[in-house]
Amino acid sequence: MPNIQQQKKRVLVAVRQRDENLRYRSTIKTLTKRLEAAVVAGDADLIAAEHLALVRLIDKSASNGSIHKNTAGRKKAQAARLVTTTAA
């Protein structure tokens, strides 16, 4: 445990940041599962809405550093591939 006041603050900030990053990653997984379910259901409007929500969250989490930009690109490409394969 840190003894210096600033180190104590940094520990608390790091915990908050870690929790926020975990929330982003968990929500991305949840939205991906929702998109997969919408694809299985075959509802075009629902697929478009879920895909938009997923891409927006991925971009947001990459911009604030919760996930790496290459990871964001990979996840967006996987989602787009999922959407386009069902449209064909």
Side-chain angles (χ1 to χ4, degrees):
M1 198 59 205
N3 295 327
I4 299 171
Q5 184 64 34
Q6 184 59 36
Q7 290 174 339
K8 292 177 184 178
K9 289 179 186 177
R10 287 304 304 161
V11 166
L12 295 176
V13 168
V15 168
R16 274 199 311 265
Q17 289 172 342
R18 179 177 180 273
D19 288 342
E20 184 176 358
N21 293 343
L22 287 172
R23 259 194 310 276
Y24 274 112
R25 290 197 305 261
S26 175
T27 306
I28 287 172
K29 290 176 190 175
T30 301
L31 290 179
T32 302
K33 289 177 187 175
R34 280 192 199 170
L35 178 61
E36 290 170 356
V39 166
V40 170
D43 184 7
D45 292 334
L46 184 60
I47 291 172
E50 293 294 341
H51 185 251
L52 179 65
L54 176 60
V55 169
R56 287 184 64 177
L57 185 71
I58 290 172
D59 286 338
K60 186 175 180 182
S61 62
S63 68
N64 71 18
S66 294
I67 61 174
H68 193 272
K69 64 178 184 173
N70 291 348
T71 303
R74 185 178 67 247
K75 289 183 181 295
K76 286 171 31 177
Q78 288 170 346
R81 193 176 322 120
L82 185 65
V83 170
T84 56
T85 55
T86 58

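For the single chain, residues carry numbers from 1 onward in sequence order.
Residues passing the side chain to side chain donor-acceptor pair (under 3.5 Å) test with Asn64, sequence neighbours excluded: Tyr24, Ser66. Listed by chain and number, the residues in a side chain to side chain donor-acceptor pair (under 3.5 Å) with Ser61 amount to none (sequence neighbours excluded). Not counting sequence neighbours, Lys29 has no partner by the side chain to side chain donor-acceptor pair (under 3.5 Å) test. In this structure, the side-chain contact (heavy atoms from CB on, under 4.5 Å) partners of Arg56, at least two apart in sequence or on a different chain, are Leu52.
A distance of 5.0 Å separates CD1 of Ile28 from CD1 of Ile58, quoted to the nearest 0.5 Å. Remark: Leu35 CG to Thr30 OG1 distance equals 12.5 Å, nearest 0.5 Å.
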Show every donor-acceptor pair shorter than 3.5 Å between a side-chain atom in residues 67-83 and any protein atom, with sequence neighbours excluded, or say none if there are none.
{"from": "His68", "atom 1": "ND1", "to": "Asn70", "atom 2": "N", "distance (Å)": "3.0"}
{"from": "Lys76", "atom 1": "NZ", "to": "Asp59", "atom 2": "OD1", "distance (Å)": "2.7"}

List the atom pairs, with distances to 0.1 Å, where a side-chain N or O of residues 2-19 and a protein N or O form a donor-acceptor pair under 3.5 Å, not counting sequence neighbours.
none

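The backbone N or O of Lys60 sits less than 3.5 Å from a side-chain atom of Ser63, completing a donor-acceptor pair.
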